[in-house]
Protein chains: 2
Amino acid sequence: MNKRQIQKKKTRELILQMAKAEFVKKGFLNTTTSEIAEKSGIAHGTLFLHFKNKDSLIVEILDRELEEISSTIQNLISRAIDLEQLLLQYLDLLQKEEELFVVLARELPFYSEELRRKILFRDSIIRSHFHKAIELGIKEKRYRDVDVTSAVMFLFGTINYYLSLKPIFLKEGSVIKKFKPSIVKTFKQLLISD
Amino acid sequence: MNKRQIQKKKTRELILQMAKAEFVKKGFLNTTTSEIAEKSGIAHGTLFLHFKNKDSLIVEILDRELEEISSTIQNLISRAIDLEQLLLQYLDLLQKEEELFVVLARELPFYSEELRRKILFRDSIIRSHFHKAIELGIKEKRYRDVDVTSAVMFLFGTINYYLSLKPIFLKEGSVIKKFKPSIVKTFKQLLISD
DNA sequence: TCTCTCGATGAGTATTCAGTCACCGAGTTA
DNA sequence: TAACTCGGTGACTGAATACTCATCGAGAGA
(Lines give C-alpha, C1' and ligand atoms only; values in the text may rest on other atoms or scores of the structure.)
Protein backbone atom coordinates (compact mmCIF):
# COMPACT_ATOMS: atom_id res chain seq x y z
CA MET A 1 0.00 0.00 0.00
CA ASN A 2 1.39 3.39 -1.02
CA LYS A 3 0.78 6.74 0.70
CA ARG A 4 -2.40 7.41 -1.29
CA GLN A 5 -4.00 4.08 -0.46
CA ILE A 6 -3.10 4.43 3.20
CA GLN A 7 -4.62 7.91 3.32
CA LYS A 8 -7.78 6.69 1.59
CA LYS A 9 -8.27 3.88 4.06
CA LYS A 10 -7.54 6.21 6.98
CA THR A 11 -10.12 8.72 5.75
CA ARG A 12 -12.72 5.97 5.31
CA GLU A 13 -12.12 4.69 8.85
CA LEU A 14 -12.28 8.22 10.24
CA ILE A 15 -15.63 8.83 8.54
CA LEU A 16 -17.08 5.59 9.96
CA GLN A 17 -15.83 6.45 13.44
CA MET A 18 -17.14 10.02 13.40
CA ALA A 19 -20.44 8.98 11.79
CA LYS A 20 -21.06 6.37 14.47
CA ALA A 21 -20.26 8.84 17.25
CA GLU A 22 -22.72 11.38 15.80
CA PHE A 23 -25.43 8.76 15.18
CA VAL A 24 -25.19 7.57 18.78
CA LYS A 25 -25.21 11.16 20.09
CA LYS A 26 -27.90 12.72 17.89
CA GLY A 27 -29.53 9.86 16.02
CA PHE A 28 -29.24 8.89 12.37
CA LEU A 29 -32.05 11.15 11.15
CA ASN A 30 -30.86 14.23 12.99
CA THR A 31 -27.28 13.98 11.78
CA THR A 32 -26.53 15.58 8.39
CA THR A 33 -23.87 14.34 6.00
CA SER A 34 -22.30 17.82 6.14
CA GLU A 35 -21.84 17.47 9.91
CA ILE A 36 -20.15 14.09 9.54
CA ALA A 37 -17.82 15.53 6.88
CA GLU A 38 -17.02 18.53 9.09
CA LYS A 39 -16.31 16.35 12.16
CA SER A 40 -14.07 14.16 9.98
CA GLY A 41 -12.21 17.21 8.69
CA ILE A 42 -13.04 16.49 5.03
CA ALA A 43 -15.11 18.17 2.34
CA HIS A 44 -18.78 17.25 2.01
CA GLY A 45 -18.26 15.66 -1.39
CA THR A 46 -15.44 13.42 -0.16
CA LEU A 47 -17.89 11.49 1.98
CA PHE A 48 -19.66 10.32 -1.17
CA LEU A 49 -16.42 9.06 -2.72
CA HIS A 50 -16.19 6.60 0.16
CA PHE A 51 -19.87 5.78 0.62
CA LYS A 52 -22.62 5.55 -2.00
CA ASN A 53 -25.10 7.40 0.21
CA LYS A 54 -26.03 8.15 3.81
CA ASP A 55 -27.86 4.82 4.23
CA SER A 56 -24.80 2.78 3.26
CA LEU A 57 -22.92 4.51 6.09
CA ILE A 58 -25.21 3.21 8.83
CA VAL A 59 -25.45 -0.18 7.08
CA GLU A 60 -21.66 -0.56 7.09
CA ILE A 61 -21.44 0.54 10.73
CA LEU A 62 -24.11 -2.01 11.62
CA ASP A 63 -22.44 -4.72 9.54
CA ARG A 64 -19.21 -4.29 11.49
CA GLU A 65 -20.96 -4.67 14.83
CA LEU A 66 -22.93 -7.68 13.63
CA GLU A 67 -19.84 -9.24 12.07
CA GLU A 68 -18.22 -9.29 15.50
CA ILE A 69 -21.34 -10.69 17.17
CA SER A 70 -21.82 -13.31 14.44
CA SER A 71 -18.26 -14.57 14.47
CA THR A 72 -18.26 -14.85 18.27
CA ILE A 73 -21.50 -16.83 18.27
CA GLN A 74 -20.33 -19.11 15.45
CA ASN A 75 -17.14 -19.69 17.34
CA LEU A 76 -19.09 -20.73 20.39
CA ILE A 77 -21.39 -22.98 18.37
CA SER A 78 -18.49 -24.82 16.78
CA ARG A 79 -16.98 -25.38 20.20
CA ALA A 80 -20.33 -26.62 21.46
CA ILE A 81 -20.17 -24.61 24.67
CA ASP A 82 -23.41 -24.65 26.68
CA LEU A 83 -26.27 -22.26 26.00
CA GLU A 84 -25.97 -20.15 29.12
CA GLN A 85 -22.39 -19.21 28.30
CA LEU A 86 -23.45 -18.46 24.72
CA LEU A 87 -26.19 -16.18 25.98
CA LEU A 88 -23.97 -14.33 28.45
CA GLN A 89 -21.33 -13.75 25.83
CA TYR A 90 -23.96 -12.49 23.40
CA LEU A 91 -25.25 -10.05 26.00
CA ASP A 92 -21.71 -8.80 26.61
CA LEU A 93 -21.30 -8.11 22.89
CA LEU A 94 -24.70 -6.44 22.71
CA GLN A 95 -23.90 -4.27 25.70
CA LYS A 96 -20.93 -2.78 23.86
CA GLU A 97 -23.23 -1.60 21.08
CA GLU A 98 -26.25 -0.89 23.25
CA GLU A 99 -26.34 2.85 22.50
CA LEU A 100 -26.30 2.35 18.75
CA PHE A 101 -29.08 -0.25 18.96
CA VAL A 102 -31.20 2.02 21.13
CA VAL A 103 -31.00 4.71 18.43
CA LEU A 104 -31.90 2.23 15.70
CA ALA A 105 -34.83 0.85 17.71
CA ARG A 106 -36.22 4.33 18.37
CA GLU A 107 -35.85 5.66 14.82
CA LEU A 108 -36.64 2.52 12.84
CA PRO A 109 -40.28 3.42 12.08
CA PHE A 110 -39.09 6.64 10.40
CA TYR A 111 -36.48 5.07 8.11
CA SER A 112 -37.13 4.40 4.43
CA GLU A 113 -38.65 1.03 3.50
CA GLU A 114 -35.29 0.08 1.94
CA LEU A 115 -33.18 0.91 5.00
CA ARG A 116 -35.63 -0.74 7.38
CA ARG A 117 -35.50 -3.93 5.32
CA LYS A 118 -31.70 -3.93 5.41
CA ILE A 119 -31.55 -3.43 9.17
CA LEU A 120 -34.16 -6.09 9.91
CA PHE A 121 -32.39 -8.52 7.55
CA ARG A 122 -29.18 -8.09 9.55
CA ASP A 123 -31.11 -8.58 12.77
CA SER A 124 -32.49 -11.85 11.41
CA ILE A 125 -28.97 -13.13 10.69
CA ILE A 126 -28.15 -12.92 14.39
CA ARG A 127 -31.38 -14.73 15.24
CA SER A 128 -30.49 -17.51 12.82
CA HIS A 129 -27.22 -18.07 14.67
CA PHE A 130 -29.22 -18.53 17.85
CA HIS A 131 -31.53 -20.90 16.05
CA LYS A 132 -28.52 -23.00 15.05
CA ALA A 133 -27.09 -22.94 18.55
CA ILE A 134 -30.36 -24.05 20.09
CA GLU A 135 -30.98 -26.74 17.46
CA LEU A 136 -27.53 -28.12 18.09
CA GLY A 137 -28.21 -28.23 21.81
CA ILE A 138 -31.46 -30.11 21.23
CA LYS A 139 -29.80 -32.60 18.85
CA GLU A 140 -27.19 -33.29 21.50
CA LYS A 141 -29.95 -33.66 24.13
CA ARG A 142 -28.52 -30.80 26.18
CA TYR A 143 -31.83 -28.89 26.22
CA ARG A 144 -35.52 -29.78 26.22
CA ASP A 145 -37.22 -30.28 22.85
CA VAL A 146 -38.88 -26.87 22.61
CA ASP A 147 -40.20 -24.76 19.76
CA VAL A 148 -36.96 -23.15 18.62
CA THR A 149 -38.64 -20.16 16.99
CA SER A 150 -40.57 -19.36 20.17
CA ALA A 151 -37.39 -19.54 22.22
CA VAL A 152 -35.52 -17.14 19.96
CA MET A 153 -38.50 -14.81 19.77
CA PHE A 154 -38.68 -14.80 23.55
CA LEU A 155 -35.06 -13.80 23.93
CA PHE A 156 -35.20 -11.00 21.35
CA GLY A 157 -38.63 -9.90 22.53
CA THR A 158 -37.23 -9.49 26.03
CA ILE A 159 -34.26 -7.51 24.78
CA ASN A 160 -36.47 -5.20 22.71
CA TYR A 161 -38.78 -4.78 25.68
CA TYR A 162 -36.02 -3.56 27.96
CA LEU A 163 -34.48 -1.35 25.31
CA SER A 164 -37.85 0.35 24.77
CA LEU A 165 -38.22 1.02 28.48
CA LYS A 166 -34.87 2.70 28.88
CA PRO A 167 -35.89 6.29 28.10
CA ILE A 168 -38.72 6.12 30.61
CA PHE A 169 -37.44 4.13 33.55
CA LEU A 170 -33.68 3.74 33.54
CA LYS A 171 -31.96 7.06 33.96
CA GLU A 172 -28.56 5.62 34.69
CA GLY A 173 -26.68 2.36 34.48
CA SER A 174 -26.88 -0.26 31.79
CA VAL A 175 -30.12 -1.79 30.55
CA ILE A 176 -28.39 -5.04 29.78
CA LYS A 177 -26.91 -5.33 33.27
CA LYS A 178 -30.37 -4.72 34.74
CA PHE A 179 -32.06 -7.56 32.90
CA LYS A 180 -29.26 -10.06 32.72
CA PRO A 181 -30.26 -12.21 35.73
CA SER A 182 -33.94 -12.49 34.88
CA ILE A 183 -33.36 -13.21 31.20
CA VAL A 184 -30.83 -15.86 32.01
CA LYS A 185 -33.18 -17.44 34.54
CA THR A 186 -36.23 -17.48 32.28
CA PHE A 187 -34.23 -18.58 29.28
CA LYS A 188 -32.75 -21.47 31.24
CA GLN A 189 -36.17 -22.48 32.52
CA LEU A 190 -37.43 -22.48 28.97
CA LEU A 191 -34.62 -24.43 27.39
CA ILE A 192 -32.27 -26.32 29.63
CA SER A 193 -33.33 -29.76 30.81
CA ASP A 194 -33.02 -31.08 34.42
CA MET B 1 -73.44 34.42 10.77
CA ASN B 2 -73.76 34.91 7.02
CA LYS B 3 -72.94 32.37 4.31
CA ARG B 4 -69.27 33.39 4.18
CA GLN B 5 -68.71 33.03 7.90
CA ILE B 6 -70.46 29.66 7.93
CA GLN B 7 -68.30 28.41 5.05
CA LYS B 8 -65.15 29.65 6.77
CA LYS B 9 -65.96 27.82 9.98
CA LYS B 10 -66.91 24.69 8.05
CA THR B 11 -63.61 24.75 6.15
CA ARG B 12 -61.67 25.20 9.38
CA GLU B 13 -63.47 22.28 11.03
CA LEU B 14 -62.92 20.11 7.97
CA ILE B 15 -59.17 20.86 8.00
CA LEU B 16 -58.92 19.95 11.69
CA GLN B 17 -60.85 16.73 11.14
CA MET B 18 -58.81 15.64 8.10
CA ALA B 19 -55.53 16.67 9.71
CA LYS B 20 -56.24 14.61 12.81
CA ALA B 21 -57.21 11.57 10.70
CA GLU B 22 -53.95 11.83 8.73
CA PHE B 23 -51.82 12.44 11.84
CA VAL B 24 -53.28 9.34 13.50
CA LYS B 25 -52.83 7.27 10.33
CA LYS B 26 -49.37 8.40 9.19
CA GLY B 27 -47.95 10.45 12.04
CA PHE B 28 -47.47 14.22 12.27
CA LEU B 29 -44.01 14.24 10.70
CA ASN B 30 -44.93 12.05 7.73
CA THR B 31 -48.01 14.06 6.81
CA THR B 32 -47.44 17.07 4.53
CA THR B 33 -49.57 20.20 4.59
CA SER B 34 -50.30 19.60 0.89
CA GLU B 35 -51.83 16.23 1.71
CA ILE B 36 -54.05 17.70 4.40
CA ALA B 37 -55.22 20.39 1.96
CA GLU B 38 -55.91 17.79 -0.72
CA LYS B 39 -57.89 15.54 1.66
CA SER B 40 -59.88 18.59 2.78
CA GLY B 41 -60.62 19.51 -0.84
CA ILE B 42 -59.02 22.96 -0.53
CA ALA B 43 -55.99 24.69 -2.01
CA HIS B 44 -52.67 24.40 -0.21
CA GLY B 45 -52.55 28.09 0.60
CA THR B 46 -56.02 28.06 2.17
CA LEU B 47 -54.71 25.95 5.01
CA PHE B 48 -52.46 28.82 6.07
CA LEU B 49 -55.37 31.28 6.14
CA HIS B 50 -56.87 29.18 8.91
CA PHE B 51 -53.70 28.13 10.74
CA LYS B 52 -50.46 30.05 11.25
CA ASN B 53 -48.33 26.99 10.53
CA LYS B 54 -48.30 23.20 10.67
CA ASP B 55 -47.41 23.17 14.39
CA SER B 56 -50.45 25.25 15.35
CA LEU B 57 -52.62 22.60 13.68
CA ILE B 58 -51.50 19.79 15.99
CA VAL B 59 -51.56 22.17 18.97
CA GLU B 60 -55.20 23.10 18.29
CA ILE B 61 -56.16 19.43 17.80
CA LEU B 62 -54.50 18.59 21.10
CA ASP B 63 -56.08 21.56 22.85
CA ARG B 64 -59.54 20.34 21.88
CA GLU B 65 -58.93 16.86 23.27
CA LEU B 66 -57.45 18.26 26.47
CA GLU B 67 -60.28 20.75 26.80
CA GLU B 68 -62.74 17.86 26.93
CA ILE B 69 -60.63 15.92 29.41
CA SER B 70 -60.06 19.00 31.60
CA SER B 71 -63.69 20.04 31.76
CA THR B 72 -64.80 16.51 32.62
CA ILE B 73 -62.26 16.25 35.42
CA GLN B 74 -63.14 19.70 36.77
CA ASN B 75 -66.77 18.73 36.69
CA LEU B 76 -66.05 15.63 38.72
CA ILE B 77 -63.93 17.57 41.19
CA SER B 78 -66.66 20.12 41.82
CA ARG B 79 -69.14 17.33 42.45
CA ALA B 80 -66.67 15.67 44.81
CA ILE B 81 -67.20 12.22 43.34
CA ASP B 82 -64.75 9.61 44.67
CA LEU B 83 -61.31 9.12 43.19
CA GLU B 84 -61.88 5.74 41.60
CA GLN B 85 -64.74 7.08 39.52
CA LEU B 86 -62.62 10.09 38.55
CA LEU B 87 -59.82 7.80 37.42
CA LEU B 88 -62.09 5.49 35.42
CA GLN B 89 -63.71 8.39 33.67
CA TYR B 90 -60.30 9.85 32.86
CA LEU B 91 -59.19 6.55 31.36
CA ASP B 92 -62.36 6.42 29.25
CA LEU B 93 -61.61 9.88 27.89
CA LEU B 94 -57.99 8.97 27.27
CA GLN B 95 -59.00 5.78 25.48
CA LYS B 96 -60.96 7.81 22.93
CA GLU B 97 -57.77 9.69 22.02
CA GLU B 98 -55.38 6.82 22.55
CA GLU B 99 -54.26 6.62 18.89
CA LEU B 100 -53.38 10.31 18.75
CA PHE B 101 -51.43 10.12 22.00
CA VAL B 102 -49.53 7.05 20.79
CA VAL B 103 -48.39 9.04 17.74
CA LEU B 104 -47.35 12.00 19.88
CA ALA B 105 -45.46 9.78 22.31
CA ARG B 106 -43.56 8.04 19.51
CA GLU B 107 -42.66 11.17 17.56
CA LEU B 108 -42.09 13.61 20.41
CA PRO B 109 -38.28 13.33 20.41
CA PHE B 110 -38.22 14.45 16.77
CA TYR B 111 -40.37 17.55 17.17
CA SER B 112 -38.93 21.04 17.40
CA GLU B 113 -37.99 22.35 20.84
CA GLU B 114 -40.90 24.80 20.57
CA LEU B 115 -43.54 22.18 19.72
CA ARG B 116 -42.26 19.76 22.35
CA ARG B 117 -42.54 22.47 24.98
CA LYS B 118 -46.13 23.23 23.97
CA ILE B 119 -47.19 19.59 24.07
CA LEU B 120 -45.56 18.92 27.42
CA PHE B 121 -47.09 22.09 28.85
CA ARG B 122 -50.57 20.84 27.88
CA ASP B 123 -49.78 17.48 29.43
CA SER B 124 -48.90 19.21 32.69
CA ILE B 125 -52.28 20.97 32.77
CA ILE B 126 -54.04 17.60 32.95
CA ARG B 127 -51.68 16.54 35.72
CA SER B 128 -52.52 19.66 37.68
CA HIS B 129 -56.20 18.75 37.57
CA PHE B 130 -55.34 15.43 39.15
CA HIS B 131 -53.29 17.22 41.76
CA LYS B 132 -56.34 19.29 42.63
CA ALA B 133 -58.64 16.26 42.73
CA ILE B 134 -56.30 14.36 45.00
CA GLU B 135 -55.66 17.34 47.29
CA LEU B 136 -59.39 17.86 47.65
CA GLY B 137 -59.82 14.19 48.56
CA ILE B 138 -57.11 14.48 51.21
CA LYS B 139 -58.59 17.66 52.63
CA GLU B 140 -61.94 15.92 52.96
CA LYS B 141 -60.20 12.90 54.57
CA ARG B 142 -61.40 10.64 51.77
CA TYR B 143 -57.85 9.40 51.01
CA ARG B 144 -54.69 8.79 52.99
CA ASP B 145 -52.30 11.73 53.43
CA VAL B 146 -49.83 10.78 50.67
CA ASP B 147 -47.29 12.69 48.64
CA VAL B 148 -49.57 14.11 45.97
CA THR B 149 -46.82 14.64 43.42
CA SER B 150 -45.66 11.03 43.72
CA ALA B 151 -49.19 9.77 43.26
CA VAL B 152 -49.76 11.77 40.09
CA MET B 153 -46.34 10.82 38.75
CA PHE B 154 -47.14 7.18 39.39
CA LEU B 155 -50.37 7.35 37.47
CA PHE B 156 -48.90 9.10 34.45
CA GLY B 157 -45.75 7.00 34.56
CA THR B 158 -47.89 3.87 34.35
CA ILE B 159 -49.84 5.22 31.41
CA ASN B 160 -46.68 6.19 29.53
CA TYR B 161 -45.21 2.79 30.31
CA TYR B 162 -48.08 0.92 28.71
CA LEU B 163 -48.27 3.25 25.75
CA SER B 164 -44.58 2.65 25.03
CA LEU B 165 -45.07 -1.10 25.11
CA LYS B 166 -47.93 -1.16 22.66
CA PRO B 167 -45.98 -1.46 19.41
CA ILE B 168 -44.03 -4.41 20.78
CA PHE B 169 -46.43 -6.50 22.81
CA LEU B 170 -50.04 -5.62 22.11
CA LYS B 171 -50.96 -6.45 18.55
CA GLU B 172 -54.68 -6.10 19.07
CA GLY B 173 -57.18 -4.70 21.56
CA SER B 174 -56.89 -1.58 23.62
CA VAL B 175 -53.92 -0.70 25.77
CA ILE B 176 -56.09 1.14 28.21
CA LYS B 177 -58.45 -1.82 28.61
CA LYS B 178 -55.47 -4.05 29.29
CA PHE B 179 -54.06 -2.00 32.12
CA LYS B 180 -57.24 -0.64 33.63
CA PRO B 181 -57.65 -3.20 36.43
CA SER B 182 -54.07 -3.11 37.65
CA ILE B 183 -53.78 0.67 37.54
CA VAL B 184 -57.01 1.06 39.42
CA LYS B 185 -55.91 -1.50 42.00
CA THR B 186 -52.47 0.01 42.59
CA PHE B 187 -53.79 3.52 42.54
CA LYS B 188 -56.42 2.65 45.13
CA GLN B 189 -53.84 0.95 47.33
CA LEU B 190 -51.73 4.09 47.12
CA LEU B 191 -54.42 6.63 47.85
CA ILE B 192 -57.68 5.47 49.25
CA SER B 193 -57.88 4.95 52.99
CA ASP B 194 -59.48 1.94 54.74
C1' DT C 1 -77.50 46.44 -10.17
C1' DC C 2 -72.93 48.05 -8.97
C1' DT C 3 -69.15 48.17 -5.95
C1' DC C 4 -66.57 46.32 -2.41
C1' DT C 5 -65.05 42.77 0.81
C1' DC C 6 -62.70 38.83 1.87
C1' DG C 7 -62.05 33.81 1.58
C1' DA C 8 -59.86 30.90 -1.77
C1' DT C 9 -56.37 29.99 -5.19
C1' DG C 10 -51.96 27.96 -6.74
C1' DA C 11 -47.77 29.39 -8.74
C1' DG C 12 -43.89 30.98 -6.55
C1' DT C 13 -40.27 31.54 -2.62
C1' DA C 14 -37.21 30.01 1.00
C1' DT C 15 -34.90 26.53 3.29
C1' DT C 16 -32.86 22.19 4.23
C1' DC C 17 -30.14 18.46 2.75
C1' DA C 18 -28.56 14.44 0.12
C1' DG C 19 -25.96 13.74 -3.64
C1' DT C 20 -22.98 15.44 -8.16
C1' DC C 21 -19.20 17.05 -10.99
C1' DA C 22 -15.71 19.96 -13.11
C1' DC C 23 -11.50 21.07 -11.49
C1' DC C 24 -7.25 20.97 -8.49
C1' DG C 25 -2.88 19.45 -6.92
C1' DA C 26 -0.15 16.02 -4.28
C1' DG C 27 1.76 11.69 -5.09
C1' DT C 28 3.26 8.12 -8.46
C1' DT C 29 5.56 6.47 -12.46
C1' DA C 30 8.62 6.53 -16.41
C1' DT D 1 11.71 16.29 -14.24
C1' DA D 2 7.56 15.73 -16.97
C1' DA D 3 3.30 13.45 -17.58
C1' DC D 4 -0.21 11.13 -15.51
C1' DT D 5 -3.31 9.28 -11.82
C1' DC D 6 -6.62 9.71 -8.52
C1' DG D 7 -8.26 11.28 -3.98
C1' DG D 8 -10.08 15.55 -2.45
C1' DT D 9 -12.74 19.91 -3.03
C1' DG D 10 -16.85 22.78 -2.54
C1' DA D 11 -20.02 25.21 -5.32
C1' DC D 12 -23.92 23.52 -7.43
C1' DT D 13 -28.24 20.72 -8.35
C1' DG D 14 -32.54 18.60 -7.39
C1' DA D 15 -36.11 17.16 -4.45
C1' DA D 16 -39.05 17.75 -0.68
C1' DT D 17 -41.90 20.68 1.74
C1' DA D 18 -43.40 24.65 4.77
C1' DC D 19 -45.07 28.97 3.91
C1' DT D 20 -46.33 33.60 0.90
C1' DC D 21 -48.74 36.78 -2.06
C1' DA D 22 -50.73 38.83 -6.26
C1' DT D 23 -54.97 37.87 -8.16
C1' DC D 24 -59.69 36.09 -8.68
C1' DG D 25 -64.56 35.93 -8.11
C1' DA D 26 -68.66 34.79 -5.23
C1' DG D 27 -71.38 36.91 -1.98
C1' DA D 28 -72.52 41.14 1.01
C1' DG D 29 -74.14 45.72 1.24
C1' DA D 30 -75.48 50.25 -0.88
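What's counted below: heavy atoms across the whole structure, side chains too, no hydrogens, waters or symmetry copies. Chain naming here is simple, since letters A, B, ... match the order of the sequence lines and numbering starts at 1 in each.
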Check the distance between [N]'s [atom2] and [X]'s [atom1] and give it to me in whole angstrom.
{"X": "Asp55(B)", "N": "dC19(D)", "atom1": "CG", "atom2": "C1'", "value": "12 Å"}
{"X": "Phe51(B)", "N": "dA18(D)", "atom1": "CZ", "atom2": "C1'", "value": "16 Å"}
{"X": "Phe48(B)", "N": "dG12(C)", "atom1": "CZ", "atom2": "P", "value": "18 Å"}
{"X": "Glu38(A)", "N": "dC17(C)", "atom1": "CD", "atom2": "P", "value": "13 Å"}
{"X": "Lys54(A)", "N": "dT20(C)", "atom1": "NZ", "atom2": "C1'", "value": "18 Å"}
{"X": "Asn30(A)", "N": "dT16(C)", "atom1": "CG", "atom2": "P", "value": "14 Å"}

Go along nucleotides 23-30 of chain C 5' to 3' and tag each nucleotide: B for a protein heavy atom under 4.0 Å from its base, S when only backbone or sugar atoms are that close, - otherwise.
---BBS--
Are Leu14(A) and Val24(A) co-members of a hydrophobic cluster defined by side-chain heavy atoms under 4.5 Å apart?
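They do not share one cluster, since no chain of ILVMFWY contacts under 4.5 Å joins Val24(A) to Leu14(A).
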Nearest to the side chain of Thr32(A), heavy atoms from C-beta on, is which of dG19(C), dA8(C), dC17(C)?
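The answer is dC17(C).
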Between the protein and nucleotides 9-11 of chain C, list every N/O to N/O distance that falls short of 3.5 Å.
| from | atom 1 | to | atom 2 | distance (Å) |
| --- | --- | --- | --- | --- |
| dT9(C) | OP2 | Ala43(B) | N | 2.8 |
| dT9(C) | OP2 | Thr46(B) | OG1 | 2.6 |
| dG10(C) | N7 | Gly45(B) | N | 3.4 |

Pick from Glu67(A), Glu60(A), Glu68(A): which one makes a salt bridge (charged side-chain N to carboxylate O under 4.0 Å, His left out) with Arg64(A)?
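The option that passes is Glu60(A).
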Near DNA chain C, which residues from residues 17-29 of chain A have a heavy atom under 4.0 Å away?
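Per residue number, the list is empty: none.
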